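Notes follow the structure.
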Amino acid sequence: MHVATVTGMLQKSFFWTSLFRGLGVTLVVSAISIVLAFIFGIIVGVMRYSKLPVISQVAAVYIDFLRNIPLLLLMFAFFLIGQMQDLTAAVIALTVFTTAVVAEVVRGGLNSIPKGQWEAARSQGMSYIQILRHIVLPQAVTKMIPPMVSQFVTLIKDSAFALQLGVLELSNRASILQANFTTPAQMLMIYAVIAAIYFTINFILSVIARKLQKRLSAGGGTIG
Amino acid sequence: MSVGFSQWFSNIVYMFNLQHWQLFFQVGGLVGLLHGLLFTLEISLLGLLFALILGVIFGVLATSQWKVMRAVARVYVEFFQNTPLMLQAIFIAFGLPIVWPAARHIPLFMVIVIAVSLYHGAYISEAVRAGIQSIHRGQLEASLSQGMTYVQAMRYVVIPQALRVVLPPLTNQAVNLIKNTSIGVAIGFAELMYQAKMYSDMAATGPSFLLAALMYFILCFPLARLAKRLEDKAEVNN
């Protein structure tokens with residue numbers, strides 16, 4: 001195992017399998033959390049937007065509380081108080097927190113649609129759900145994409161907090177590899193490679209988001 | 001399944017029972033958390049100050065005429081916005097001292113300050129850039145043509161308008177910065193999250209985490225409220 005050079009380290013299959021396994025964990029944790037937070041975020045966001053006082057207030061309390069405590073505290077709480085496994089605790093904490101952020105984004109997007117559209121659609125005999133589904137949400141989506149994607153990028157980065165629970169995700173591999181490859185140059189390379197992997201994923205995500213937003217706002221077909 | 005659930009639920013209730021609260025207070029948990037809170041506050045204030053300085057410098061660079069300066073600002077923002085704070089923090093704490101032995105003397109307190117200010121400085125610099133770019137050049141020229149000095153034009157015309165764009169994201173970043181000082185637990189500095197974890201391990205998890213959450217909430221909620229009010233105000237003015 002013992003090699004003292006950077007090139008020696010880069011030729012070890014242990015180096016790469018460790019990183020790829022870490023990347024796999026990071027991607028799985030992030031992907032599940034993103035999908036769940038997207039779904040629940042829309043639900044909570046619509047609840048917050050609704051005129052029904054109790055429902056709207058329940059959503060408001062949820063959003064205000066979860067946005068204002070650290071994610072790391074949430075992870076520890078689900079892990080130690082919720083008695084969950086490390087991976088589950090990480091996924092649930094990321095989901096619960098990001099749901100609150102996405103909900104705010106959804107509400108902001110919905111609020112940006114003029115109230116007149118509701119009245120117009122209502123006068124055409126559409127139901128609340130129909131209006132939301134066919135008129136309001138499709139327009140609001142364009143406004144929601146950039147902040148939502150930047151939140152998902154944040155989620156991928158914040159999934160590194162899970163190393164505190166002992167999850168062997170990508171960032172946690174740094175200390176494992178550092179124990180095996182001990183020279184300063186090797187250490188620098190370990191961090192550089194890990195940073196580069198995160199950077200590539202998040203950069204690609206940002207580019208896709210920009211394209212998506214451009215396409216949607218071009219074909220959105222709004223009048224005003 | 002239902003037996004499992006009720007067992008799970010009663011375990012949670014158990015963690016918050018009176019004995020645990022008594023134990024928590026007996027070992028001085030509340031005082032310990034408040035000490036942590038004080039550190040969290042100090043780290044946050046210092047971190048915010050440095051993040052603001054970095055944000056203004058790189059935000060201004062991002063709008064400069066010089067291509068090289070714009071590129072430098074771009075690299076700074078993209079690097080820190082696209083890699084995890086946790087990775088940056090453990091690098092500064094555990095990696096940097098290996099390449100640069102003098103870094104061993106950086107106090108852990110400052111490691112957190114440096115990590116959160118570099119990270120949030122990148123976000124703030126994006127806000128500052130957006131603020132500057134939201135002001136049309138013509139406004140500065142118009143102000144100068146009215147006999148205002150450059151400083152006057154900045155003070156009375158440009159900056160007040162730019163602030164309207166900059167302040168809401170800036171306030172949100174302050175909230176995120178406070179929450180992110182909790183990385184202290186990963187590098188072993190006794191800020192609030194570290195203290196909460198310590199009293200959870202040594203006395204009682206329920207009370208420790210609940211009170212710590214409350215303390216973070218009390219710090220962050222007013223700021224989050226302020227951010228929303230500023231956002232609404234900016235929207236009305238548009």
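What you see is a predicted model, and the numbers here were worked out from it, not measured in a lab.
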Residue, of B:F9, B:Y119, B:W100, that accumulates the most heavy atom pairs under 4.5 Å with chain A:
B:Y119
Take atom NE2 in B:H35; do more than 12 heavy atoms of anything else shown fall under 6.0 Å from it?
no
Select, from B:A89, B:G206, B:A186, the one with the greatest count of heavy-atom pairs under 4.5 Å involving chain A.
B:A186
Please confirm whether the backbone N or O of B:L192 pairs with a side-chain atom of B:T40, one donor and one acceptor, at under 3.5 Å?
yes
Measuring heavy-atom distances to chain A, does B:F80 have an atom under 4.5 Å in its side chain, in its backbone, in both, or in neither?
backbone
Keeping B:H120 on the side-chain end and B:L48 on the backbone end, is there a donor-acceptor pair under 3.5 Å?
no
Test your reading of the model: is there a side-chain donor-acceptor pair from A:Q83 to the backbone of A:I81, 3.5 Å cut-off?
yes
So which part of B:I90 gets closer than 4.5 Å to some heavy atom of chain A, the side chain, the backbone, both or neither?
both
Chain A heavy atoms under 4.5 Å from B:N176: which part of the residue, side chain, backbone, both or neither?
neither
Is the backbone of A:R48 close enough, under 3.5 Å, to the side chain of A:S56 for a donor and an acceptor to pair up by distance?
yes
Which atoms of A:S112 come close to chain B, meaning under 4.5 Å heavy atom to heavy atom: side chain ones, backbone ones, both, or neither?
neither
Count the heavy atoms belonging to other residues, nucleotides or ligands that lie under 6.0 Å from NZ of A:K211, then report whether that count exceeds 12.
no
Does any backbone or side-chain atom of A:I197 lie under 4.5 Å from a heavy atom of chain B? Answer side chain, backbone, both or neither.
neither
What part of B:S200 gets within 4.5 angstrom of chain A, counting heavy atoms only: side chain, backbone, both, or neither?
side chain
One option among B:I183, B:L87, B:I12, B:I218 has the most heavy-atom pairs under 4.5 Å with chain A, and it is B:L87
Tell me if the aromatic rings of B:F189 and B:F109 count as close, with their centers under 6.0 Å from one another.
yes
Any donor-acceptor pair under 3.5 Å linking the side chain of A:Y191 with the backbone of A:A174?
no
Find the one option among B:L85, B:V175, B:V185, B:T205 whose heavy-atom pairs under 4.5 Å with chain A are most numerous.
B:V185
For B:Q88, is it the side chain, the backbone, both, or neither that has a heavy atom closer than 4.5 Å to a heavy atom of chain A?
neither
If we define contacts as heavy-atom pairs under 4.5 Å, which of A:N111, A:L73, A:L205 has the most with chain B?
A:L73
